[in-house]
Each structure stands twice: as C-alpha cells, then as structure tokens.
Amino acid sequence: MSYAYNQQGPYGQQQQGYGPPPGAYPPPPEGYPQGGYPQGGYPQGGYPQPGSYPNVPQPGFQPPPYAADSYTGANQGYGGYNPEDPEVKGFDFTEQSIRKGFIRKVYSILMVQLVITMGFIALLCYEPKTKQFVQQTPSLFIVALVVMIVAMITLACCGEVRRKAPINYIMLFIFTIAEGFLLGVSSSHYKQDAVLMAVGITAAVCLALTLFAFQTKYDFTMMGGILLVAVIILLVFGIVAIFVQNRIVQLVYASLGALIFSIYLIYDTQLMMGGKHKYSISPEEYVFAALNLYLDIINIFMYILAIIGNARD
C-alpha cells in the first residue's frame with residue numbers, strides 16, 4: 001500500500017514522494033546478490049586491467065595476420081588453403097593447369113595409338129609372308145572392320161564407358177588394334193615407297209596444323225556444323241566415286257578428303273585446348289579427345305596415300 005509522505009531534505013527543503021517512507025522496512029542484508037553489490041566490487045576482484053584479456057580489442061589493436069587475406073587463400077584461415085601444407089603442396093587448382101594436364105594425357109594416349117598403328121603398317125608392308133597371308137584371308141579384314149565399328153560407336157555414344165577407367169582404355173586399345181590392322185591391310189596394296197612418302201607427308205602436315213591451331217587467333221570451334229555438312233557431301237561423293245572408275249575423280253575425292261580432315265584436325269585440337277575458344281571438351285573426356293585426333297590423322301594419311309597412289313598409276 002502506497003501513500004504520500006513529506007520529508008525534509010539535507011538542505012532544509014521539503015521532499016514529497018509516494019510509497020512507504022524511508023525507514024519503514026528494515027534494510028536488506030549486506031552481500032551479493034540479495035543485498036546489492038558487495039563492498040569492494042565483484043568477488044573476483046573487480047574488472048580486469050586493460051590488456052589482460054587478449055581477445056578484447058584495445059586501442060591500437062591489430063587483427064590476426066590471417067584475417068586480412070583469409071578469403072584469398074594466401075594463408076591458413078577461414079575459406080582459404082595454405083600452399084605450404086604438405087597435404088596440398090604440389091597441387092595447382094587453376095583451370096589452366098588442369099587443361100595442360102589434360103592435353104599432356106591426350107597426346108600421350110595419341111602417341112601410343114600411332115605407334116601401334118605404325119607397327120601394323122610396317123608389319124604388313126615389309127613382311128612378305130604376313131602380307132600374303134592377310135591378303136588371302138579376307139575374313140580377318142571383315143572381323144576387324146566389325147570390331148572397329150562396334151568399339152568406335154561404344155566410345156562415341158556411351159559416355160559412361162569412355163569416362164570410366166579402365167574400361168575406357170580397354171575399349172580404346174581394342175579400337176586401335178582393329179583400326180591399325182585395317183590400315184595395315186589397306187597400305188599393303190600400295191608400294192612401300194608410296195607408304196613411306198605418305199607417312200612423312202602426314203607427319204609434316206599434322207605437325208604444322210597442330211602448331212597453327214595452338215597459336216592462331218581464329219576460332220575453328222564454331223565450324224562444327226559446316227564440317228558436318230562437308231563430311232556428308234564427301235560421303236556422297238565417295239559413293240559416286242565407287243561407280244565412276246576415273247583417276248581424276250579419285251584424285252579430286254582424295255584431295256577433298258585430305259582438306260576436310262585437315263580442318264577437322266584444327267577443330268578437334270582447339271576443342272581440346274579450350275581457353276579462348278567458344279567450345280571445348282571437358283577434361284574428363286581425354287579418351288574421346290584422343291579418339292578424335294587419331295581418326296583425323298589416320299584419315300589424312302589414307303587420303304594422302306590415295307593421292308600418291310593415283311598420281312603414280
């Protein structure tokens with residue numbers, strides 16, 4: 001119950017208030033926390049002196065050394081990685097390094113494919129008994145042709161197969177064996193010096209086109225549709241050339257084929273390079289990229305060999 005009261009202040013003035021007058025109740029016991037703050041401050045001895053807690057910012061306080069660049073990854077910190085950490089040292093997480101590793105892997109696979117193919121060509125061109133046996137057994141050619149087509153369709157159309165090791169390497173090896181045998185059989189029908197000349201010209205042309213694809217400013221990856229139309233026209237022309245036994249027609253057909261697949265070599269090389277080009281192949285598609293380059297090179301070789309053979313006939 002509250003009521004008004006009057007009290008004389010320390011200087012004689014009257015003070016008026018509401019509630020129980022001072023002294024109506026006994027004072028609360030001394031201590032903490034029932035009776036207010038204890039005498040002398042907190043039981044711990046009061047507030048700590050400035051600078052005793054390292055986490056409390058003081059005047060002139062500098063942030064930890066990792067806070068300024070923790071988002072850039074320069075030092076160990078939140079959101080970054082330490083390049084000197086033994087678990088990550090030696091790895092470069094940039095797109096450029098991934099693409100370079102991808103290119104090295106593709107060309108390593110391609111070199112193995114070309115060595116196997118050249119081995120078949122040399123065996124069937126320079127070993128008379130093997131050459132005679134293969135030419136007298138056409139069933140081997142048919143079997144190799146079927147195996148090559150099945151392996152090529154599998155690698156081209158089944159993404160899970162060509163991305164998953166070791167099945168992708170196995171299928172690519174089977175394809176290379178079959179294709180190398182077919183090229184060896186086809187080359188055995190030409191003279192040995194013509195085959196050697198075709199190999200040399202193909203190597204020079206492919207090297208020059210690869211260097212051109214790496215340094216040119218022109219983007220050939222946008223020509224996929226045009227090249228597809230050119231291949232269809234070349235296929236129709238080839239069917240016509242089967243029934244028209246004319247050396248001029250054969251030379252024109254072989255020349256067009258060599259030209260188209262030379263442009264395809266530039267196109268596939270720039271797809272593999274990525275970077276400044278509009279389209280690129282994923283680094284997971286190293287088997288597919290090697291397959292494309294291999295098909296371009298062997299087609300250039302076969303068309304150049306056909307040009308040399310028809311020119312000499």
Side-chain angles (χ1 to χ4, degrees), residues 109-156 169-206 231 234-235 237-247 249-258 260-262 264-265 287 290-313:
I109 297 172
L110 180 62
M111 290 300 107
V112 174
Q113 290 181 279
L114 294 177
V115 168
I116 294 174
T117 305
M118 293 306 300
F120 274 103
I121 293 175
L123 177 64
L124 295 177
C125 288
Y126 291 94
E127 179 59 36
K129 293 183 179 180
T130 306
K131 176 180 179 180
Q132 183 179 3
F133 171 75
V134 170
Q135 290 181 352
Q136 292 176 354
T137 313
S139 59
L140 293 177
F141 187 89
I142 297 174
V143 171
L145 181 63
V146 173
V147 172
M148 184 271 295
I149 293 174
V150 172
M152 183 175 63
I153 293 176
T154 302
L155 290 172
Y169 290 108
I170 295 174
M171 293 300 299
L172 187 63
F173 179 75
I174 293 173
F175 169 80
T176 305
I177 293 293
E179 184 66 30
F181 179 79
L182 293 174
L183 284 177
V185 174
S186 301
S187 301
S188 64
H189 294 280
Y190 293 88
K191 294 181 180 180
Q192 296 176 358
D193 57 344
V195 175
L196 287 177
M197 188 180 298
V199 169
I201 295 174
T202 302
V205 169
C206 292
V231 168
L234 181 67
L235 178 62
F237 190 7
I239 296 174
V240 174
I242 294 176
F243 301 99
V244 179
Q245 297 297 328
N246 186 284
R247 190 174 64 175
V249 174
Q250 299 293 332
L251 282 173
V252 172
Y253 170 72
S255 301
L256 287 177
I260 291 173
F261 281 98
S262 296
Y264 251 117
L265 180 61
V287 169
L291 177 65
N292 289 338
L293 295 177
Y294 176 74
L295 289 174
D296 296 337
I297 293 173
I298 63 173
N299 276 287
I300 293 173
F301 167 74
M302 289 305 301
Y303 284 118
I304 290 177
L305 183 60
I307 291 173
I308 296 174
N310 285 285
R312 287 189 171 187
D313 253 347

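- Of all the heavy atoms in Arg247 and Asn310, the pair that sits closest is CD-O, 3.0 Å.
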Inset, instruction - Would you please test Leu110 and Ile297 for side chain to side chain contact (heavy atoms under 4.5 Å, CB included) and show each step? - result: CA-CA 10 Å; Leu110 180 62; Ile297 293 173; 4.0 Å; yes

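- Interatomic distance, OG1 of Thr130 versus CD of Gln135, reported as 11.0 Å (0.5 Å rounding).
- Residues Tyr169 and Ile109 come closest through the heavy atom pair CE2-CD1, 3.9 Å.
- Each of Leu196, Val195, Ile116 was evaluated against Ile121; a single residue qualifies, Val195, per the side chain to side chain contact (heavy atoms under 4.5 Å, CB included) test.
- Rounded to the nearest 0.5 angstrom, Phe301 CZ and Met118 CE are separated by 6.5 Å.
- Across every non-hydrogen atom of Cys125 and Gln192, the tightest pair is O-NE2, 3.0 Å.
- The minimum heavy-atom distance between Ala254 and Ala306, with the atom names listed, is CB-CB, 4.0 Å.
- In this structure the side chain of Leu295 reaches within 4.5 angstrom of the side chain of Met152, judged on heavy atoms.
- The line from CD1 of Ile298 to OH of Tyr303 is 10.5 Å long, rounded to the nearest 0.5 Å.
- Scored by the ring-ring contact (aromatic ring centres under 6.0 Å, His included) test, Phe237 finds Tyr253 as partners (sequence neighbours excluded).
- Rounding to the nearest 0.5 Å places CG of Leu145 at 8.0 Å from CD1 of Ile142.
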Inset, instruction - Would you check, one step at a time, whether the test side chain to side chain contact (heavy atoms under 4.5 Å, CB included) holds for Leu140 with Phe133? - result: CA-CA 10 Å; Leu140 293 177; Phe133 171 75; 3.8 Å; yes

Please table the atom pairs, donor to acceptor, closer than 3.5 Å between any side-chain atom in residues 174-187 and protein atoms at least two apart or in another chain.
residue : atom : partner : partner atom : Å
Thr176  : OG1  : Gln113  : NE2          : 3.1
Thr176  : OG1  : Leu172  : O            : 2.7
Ser186  : OG   : Leu182  : O            : 3.0
Ser187  : OG   : Leu183  : O            : 2.8

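- Atoms CG and CG, on Leu234 and Leu256 in that order, are 6.5 Å from each other to the nearest 0.5 Å.
- Considering all non-hydrogen atoms of both residues, Leu305 and Ala194 come closest at CD1-O, 3.7 Å.
- The number of heavy atoms from other shown groups lying within 6.0 Å of OH (Tyr190) is above 12.
- Here the side chains of Leu265 and Val205 are not in contact, with every heavy-atom distance at 4.5 Å or above.
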Inset, instruction - Determine, stepwise, if the pair Ile300 / Cys206 fulfils side chain to side chain contact (heavy atoms under 4.5 Å, CB included). - result: CA-CA 8 Å; Ile300 293 173; Cys206 292; 4.2 Å; yes

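- Shown here are the ring-ring contact (aromatic ring centres under 6.0 Å, His included) partners of Phe120, two or more places apart in sequence or in another chain: there are none.
- Smallest separation of non-hydrogen atoms from Gln250 and Val244: NE2-O, 3.7 Å.
- With rounding to the nearest 0.5 Å, the separation of CD in Gln132 from CD in Gln136 is 4.5 Å.
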Inset, instruction - Let me see the working for Tyr264 and Val231 under side chain to side chain contact (heavy atoms under 4.5 Å, CB included), right down to the final yes or no. - result: CA-CA 10 Å; Tyr264 251 117; Val231 168; 3.3 Å; yes

